[in-house]
Amino acid sequence: MAGLSSGIAAITTCKQLWLKSARYHKDGAGIFIAQPGDRPRRLTVKEAMQLQGYDPRRYVFPVSRPQACRQIGNSVVIPAVAPCARALIRFLREKGSL
């Protein structure tokens, strides 16, 4: 990762994004995306939504960018939860609990 000031690093791969996002605040303040020939940039709300499994065409966060990123970061990852919920329902039905 290309070093910047104040312990901030530019992200150049998906693995680096995952590692950095696990360490920084959920508002994405310290996560930057490398841009060839230009300064690194912050994640957009749309990119944060996509990382969490939201469809930006279906969901709207009518708040400031930091607040939207905070709300998105505090949410569950929809594509991960849906299969787990289906498996749990299937298990409970098999056991006769549903």
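For reference, positions follow the sequence shown, starting with 1.
Sorted by first and then second residue, the ring pair (Phe, Tyr, Trp, His ring centres under 6.0 Å) pairs with a member in residues 76-98 form an empty list; sequence neighbours excluded. Every pair tested for ring pair (Phe, Tyr, Trp, His ring centres under 6.0 Å) that includes a residue from residues 62-87 fails, sequence neighbours excluded, so the list is empty.
By the 4.5 Å heavy-atom criterion applied to side chains, Val63 and Gln71 are counted as neighbours. Between Pro36 and Asp38 the shortest side-chain heavy-atom distance does not fall below 4.5 Å. Side-chain contact check for Leu43 versus Leu51: some heavy-atom pair is nearer than 4.5 Å.
Shortest non-hydrogen contact noted between Pro79 and Gly53 is CD-CA, 3.6 Å. The nearest pair of heavy atoms linking Ala80 to Cys84 is O-SG, 3.3 Å.
Evaluation of the ring pair (Phe, Tyr, Trp, His ring centres under 6.0 Å) rule for Tyr54 yields Tyr59, Phe61 as partners, not counting sequence neighbours. Not counting sequence neighbours, Arg86 has no partner by the salt bridge (Lys or Arg N to Asp or Glu O under 4.0 Å) test. Partners of Asp55 by side chain to side chain donor-acceptor pair (under 3.5 Å), not counting sequence neighbours, listed by chain and number: Arg57. Evaluation of the side chain to side chain donor-acceptor pair (under 3.5 Å) rule for Arg41 yields Glu47 as partners, not counting sequence neighbours. Residues forming a side-chain contact (heavy atoms from CB on, under 4.5 Å) with Leu92 (at least two apart in sequence, or on another chain): Leu88, Ser97, Leu98.
With hydrogens and angles ignored, the 3.5 Å screen pairs no side-chain donor or acceptor of Arg39 with any backbone N or O of Ala34. Side chain of Gln50 to main chain of Pro56: no donor-acceptor pair is present (N/O by atom type, distance under 3.5 Å, no hydrogens or angles). A donor-acceptor pair under 3.5 Å links the side-chain atoms of Gln52 to the main chain of Ile72, judged by distance alone.
Val81 belongs to a hydrophobic cluster whose remaining members, ordered by chain and number, are Val76; membership requires side-chain heavy atoms of ILVMFWY residues under 4.5 Å apart, directly or through intermediates.
Ser64 OG to Arg70 CZ: the interatomic distance, rounded to the nearest 0.5 Å, is 7.0 Å.
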